[in-house]
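Below is one structure, written out as structure tokens; the observations come after it.
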Amino acid sequence: MTAPINAAAVAAASDEVIDWRFKGVPSTWWGRTPAQICEEAPDLFEDGAVGPVCILRREALRHNITTMADWCRDRGVELAPHGKTHMAPQLMERQLRAGATAITAATLSQVRTYRAFGVRDVVLANELVDTAGLRWLSTELDAHPDFSAMCWVDSVPGVELMTTALTAAGAERPVDVCVEVGMAGGRTGCRGAAAVDEVARAAAASPRLRLVGVAGYEAALGHDTAPGALAGVTAYLGEMRAAAVRLDALFETDRVIVTAGGSTYFDAVADVLTGDWRTVLRSGCYLTHDAGLYGRTSPLRGQFRPALTVWAQVVSRPEGDLAIVNMGRRDVSFDQDLPMPLKLPDTVVTKLNDQHGYLRLGGGDNVEVGGWLEFGISHPCTVFDKWQLIPELDADNRVVGLIRTFF
Ligand SMILES: Cc1ncc(COP(=O)(O)O)c(C=O)c1O
């Protein structure tokens with residue numbers, strides 16, 4: 001059995017010479033490698049970070065990884081963390097070391113990136129109906145007997161397309177698929193039990209596919225945790241459970257998979273979907289948690305710690321209670337909530353431009369031009385994708401890691 005990730009390929013990120021390509025990091029680091037810099041554990045700001053700069057907190061990452069791994073173990077579920085959250089092989093390695101059984105991807109390009117770092121077990125949480133993509137996947141599967149991948153199917157035409165493409169590619173190994181249970185008004189996924197059964201039968205009948213389980217995504221409709229919304233999530237998960245029971249005779253493996261669960265409803269998934277099969281969660285955002293969406297909705301809010309923030313400088317105080325910082329939509333997420341200044345209780349961000357943020361200062365808060373401010377974020381996925389190299393700080397604010405992302 002090969003390792004779950006290629007440690008040497010991951011470690012190579014620490015030997016890449018740093019230069020102007022990486023925004024925010026001190027120019028005094030140019031020409032040196034992460035390994036050399038971290039050996040000295042410098043202070044990011046004394047070394048000359050330029051605003052804005054995104055940072056990770058090592059202790060919070062470690063705490064969240066351990067907390068989630070323990071929780072999964074207690075509840076008898078597996079975790080295949082969504083790698084699209086950070087696209088950072090160094091973080092995937094830590095998640096796998098803590099017991100994650102696979103890494104989840106949303107697209108085939110992400111799977112290709114994972115494979116460049118030797119990720120052995122991949123859940124492609126999506127339909128794959130791309131002939132070129134299927135050709136690549138089957139070549140990769142045939143070349144690497146230890147590589148395990150699975151994707152989802154939600155239509156008979158999709159099953160037929162996959163079968164035709166894999167036959168044309170001369171695939172030797174079948175591709176593992178889960179039938180995806182959808183919901184009215186949701187995203188992908190079969191609508192209704194009859195469609196689920198029809199697609200499952202088609203997949204089981206295909207000589208190029210192996211039906212291994214049932215998949216779904218309960219947060220396709222949102223992240224509302226009010227009782228009415230939770231009842232809808234529970235009912236949906238109940239439909240997934242019923243499908244897993246009903247389709248039992250069709251599965252082409254004795255290690256059936258039932259997979260659901262982002263970072264908002266994973267407790268409901270464990271409540272409803274554990275059974276005589278492998279229950280696989282795909283939470284991604286739990287890793288860094290946040291000060292917004294997941295701070296409000298995670299089942300382990302109060303236990304997880306926000307690990308990802310963005311620092312910016314005040315560049316202008318042009319009028320009254322207005323301050324402008326050099327952090328904008330290029331640097332921080334804005335799809336769920338605007339960023340939140342961490343140490344200014346009365347101040348709010350009211351607007352972001354591409355490269356500027358607008359702060360309305362509260363009565364008790366005062367900031368000066370040139371000062372640094374730290375911002376909590378809402379929704380880590382859309383922060384990570386704006387940064388290619390993220391300093392990781394210890395409790396004393398020393399740089400102990402440099403996390404490389406590949407979006
Ligand atoms: C299909 C699927 N599974 C799992 C996740 C992970 O959920 P979260 O981002 O809440 O951790 C996502 C996120 O978008 C998703 O689309």
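In each ligand, atom 1 is the first atom listed, and ligand 1 is the first ligand listed.
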The option among E180, R187, K84, H82 carrying the non-hydrogen atom nearest to atom 16 (O) of ligand 1 is R187
Does C285, backbone or side chain, put an N or O under 3.5 Å from an N or O of ligand 1?
-> yes
For ligand 1, is there an atom lying under 4.0 Å from some heavy atom of A219? no
Ligand 1 N/O within reach of W152 N/O, cut-off under 3.5 Å:
no
*Should S263 be counted as touching ligand 1, given the test is an N or O pair under 3.5 Å?*
yes
ring-ring contact (aromatic ring centres under 6.0 Å, His included) pairs touching residues 170-228, sequence neighbours excluded, are H223-Y294
>> Would R120 pass as a cation-pi partner of F147, given that its NZ or CZ must be under 6.0 Å from the six-membered ring centre and within 45 degrees of the axis?
In response: no
May I ask you to check if ligand 1 and H223 share an N or O to N or O distance below 3.5 Å?
-> no
Heavy atoms of G261 and E218 approach each other most closely as N-OE1, 2.8 Å
Near S283 (heavy-atom distance under 4.0 Å), the atoms of ligand 1 are 11 (O)
### Task
May I ask whether Y294 places a heavy atom under 4.0 Å from ligand 1?
yes
Open item on the list: So does G295 get a backbone contact from the side chain of D290, meaning a donor-acceptor N/O pair under 3.5 Å?
Closed with: yes
Which of D271, D70, T274 passes side chain to side chain donor-acceptor pair (under 3.5 Å) with R75? Answer is D271
Checklist entry - Is G261 close to ligand 1, meaning an N/O of one under 3.5 Å from an N/O of the other? => result no
Look at the aromatic rings of F266 and F304 and report parallel, tilted or perpendicular, splitting at 30° and 60°. tilted
field: Side chain T131, main chain A165, donor-acceptor under 3.5 Å
entry: no
If you scan protein heavy atoms around atom 6 (C) of ligand 1, the nearest is R282 O, 3.6 Å
Tell me, do F375 and V349 make a side-chain contact under 4.5 Å, heavy atoms counted?
yes
Of all protein heavy atoms, the one nearest atom 15 (C) of ligand 1 is Y217 CZ, 3.5 Å
min-distance protein heavy atom vs atom 7 (O) of ligand 1 -> G262 CA, 3.1 Å
